[in-house]
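Single-structure report; data block below.
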Number of protein chains: 2
Amino acid sequence: MSELQPRAAPAPLPLAARSLPMVLRTEIEKLILRGELPTGERLNENFLAERFKVSRGPVREAFRALVEAGLLEFVPNRGVFVRQISLAEAIATYEVRAGVFAHAGRLAAARVQDGEIHRLRSFVEHMDECISRKDGAGYYALNLQLHDQILFATRNSRLITTYMGLIKELHRFRAKNIDRPEHLRVSNAEHAEMVEAIAARDELRAYEAHYRHVMNAKGRVLEVFGKRDA
Amino acid sequence: MSELQPRAAPAPLPLAARSLPMVLRTEIEKLILRGELPTGERLNENFLAERFKVSRGPVREAFRALVEAGLLEFVPNRGVFVRQISLAEAIATYEVRAGVFAHAGRLAAARVQDGEIHRLRSFVEHMDECISRKDGAGYYALNLQLHDQILFATRNSRLITTYMGLIKELHRFRAKNIDRPEHLRVSNAEHAEMVEAIAARDELRAYEAHYRHVMNAKGRVLEVFGKRDA
DNA sequence: GGCTTGTTTATTGTTGACAGTTTAGGGGCG
DNA sequence: CGCCCCTAAACTGTCAACAATAAACAAGCC
């Protein structure tokens, strides 16, 4: 099979590989993550093609990528649907996320640089302030940044993409408990322990702290969505 | 946007959702994993379309899915290439795999059923026998089964798909050290520790045993590929 | 001779059309 | 009134043709 293309070279990889299907993939992903495409909704190829002023081909290609990413569900001869993740699936995904994030904590503890520790601690402090002035949105934004900073400290981009992929699948269950101050206090206490474990460069302690943080988050989600969904 | 399709129902999801692009996706994946499509090779749409007796459309859709899965690389206006994973990327992926697999070990220790423990132990025994009679292929097959069995014991299908996805990316670096008996002895000793930790239902011990197993495997790969690649 | 430039060829990017399937609606019948 | 079947519309699945881009090659210039 390879004899047909004996020529060489993989490619320079512009890293920002843009093309119509790729752009569509990103745009549709945004729509899903922002909740503009409700969970369970069927996506009409013609409609999206018209909206983006393209033909159906590129739209279908974008669909295939998002199915692989776990954001869409594919049903033969019926089309694709915004994936309706069940509570059971969400729990399973939270568990995987816990394992990955705990591992991130461990690697961060091993590889964090001195300057980063200060940043991590200041995030926790600012989040405490947000709680005091009941600024849920501010807390949420800082929370994302803190997690990003921890992931960055691992110096492992593959770990980051894996984690981000899991997060995207869980979008429906995220940020629903902004309005629960008691949760935020607990959550930020966990952050403090995570950061201090990293600062102490104690790998196993960081692992456990991060692990429990996500598992507790899972528990909080279960409280909120508990009886409603399956 | 959602008002255009107010109608209901996500779908039953046949789980074996077959369609031309999906079949192609699977077939091309097999070709890659079996090494019939060399790493770095450029995939010609016309050629594959002709080979599978279909048009280019479904082939392109299959490509997009495999790009998302990390098996193909996409370069605008040039096509897709079998992803040439660098040693640095492989190391990063091995680290993620270690975190995920260690987590699997932890969950397995928490959830393994009595009957499964016997199966796990017998795998290790049979692999020891394979080493004695220098049956590398047999060892390799049993090795896969043991890992599958551990993953199954987690009762978390999302964890399994995540792990499998990582494994596929590493196909180029796997099973290259079959012919190194000294590695097999070490490796199977690690297996024994993993299984005993699970049998003892000691979560943290299982976590560490699985973690070290993959990290050591990473080290062995580095020995083999060390200076050659970047 | 080596480098640049123009031309040809191969391959990807995109589109519109057609076939097959599913869904929705409207009688007809129990 | 409710159920079933039949028909029509809508949508997905697939394909083949056309446009655009990039690689390969040849000729010309320094």
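Since this is a predicted model, take the numbers as computed values, not measurements. We name chains A, B, ... by the order of the sequence lines, and we start the count at 1 in each one.
- Each of C/dT15, C/dT12, D/dC11 was ranked by its minimum atom distance to the side chain of A/Asn44; first place goes to D/dC11.
- Atoms NZ (A/Lys53) and P (C/dT14) sit 17 Å apart, rounded to a whole Å.
- What separates CZ of A/Arg42 from P of C/dT23 is a distance of 7 Å, to the nearest Å.
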Below 3.5 Å is the cut-off: list the nitrogen or oxygen pairs between protein and nucleotides 16-21 of chain C, distance only.
none

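- Note that B/Arg56 lies outside the cation-pi zone of B/Phe63, set by a 6.0 Å cut-off to the ring centre and a 45° limit from the axis.
- In this entry the distance linking CD of A/Glu50 with P of D/dA10 reads 13 Å, nearest Å.
- Between B/Arg60 and C/dG13 there is a side-chain N or O to OP1 or OP2 distance below 4.0 Å.
- A side chain to side chain contact (heavy atoms under 4.5 Å, CB included) with A/Leu107 holds for exactly one of A/Val112, A/Leu151, A/Leu159; it is A/Leu159.
- Comparing D/dT14, C/dT14, D/dT12 by their closest approach to the side chain of A/Leu20 singles out C/dT14.
- Partners of B/Ser157 according to the side-chain hydrogen bond (donor to acceptor under 3.5 Å, both in side chains) rule, which considers only residues two or more places apart in sequence or in another chain, do not exist here.
- Regarding B/Phe81, its CZ atom lies at a distance of 9 Å from the P atom of C/dT12, rounded to whole Å.
- The side chain to side chain contact (heavy atoms under 4.5 Å, CB included) check on A/His126 picks up A/Ser122, A/Glu129, A/Leu142, with sequence neighbours excluded.
- D/dT21 atom P lies 16 Å from atom CD of B/Glu45, rounded to whole Å.
- With sequence neighbours left out, the side-chain hydrogen bond (donor to acceptor under 3.5 Å, both in side chains) criterion links A/Arg97 to A/Tyr163.
- Rounded to whole Å, the distance from CG on A/Leu48 to P on D/dT12 is 9 Å.
- Taking B/Glu68 as the reference, A/Arg25 meet the salt bridge (Lys or Arg N to Asp or Glu O under 4.0 Å) condition, with sequence neighbours excluded.
- Residues satisfying the salt bridge (Lys or Arg N to Asp or Glu O under 4.0 Å) criterion with B/Arg83, sequence neighbours excluded, are B/Glu89, B/Glu169.
- A/Asn46 has its CG atom 17 Å from the P atom of D/dA9, to the nearest Å.
- Listed nucleotides: D/dG13, C/dT23, D/dA23. Nearest to the side chain of A/Phe74: D/dG13.
- Atom CZ in B/Phe47 sits roughly 12 Å away from atom P in C/dT12 (whole-Å rounding).
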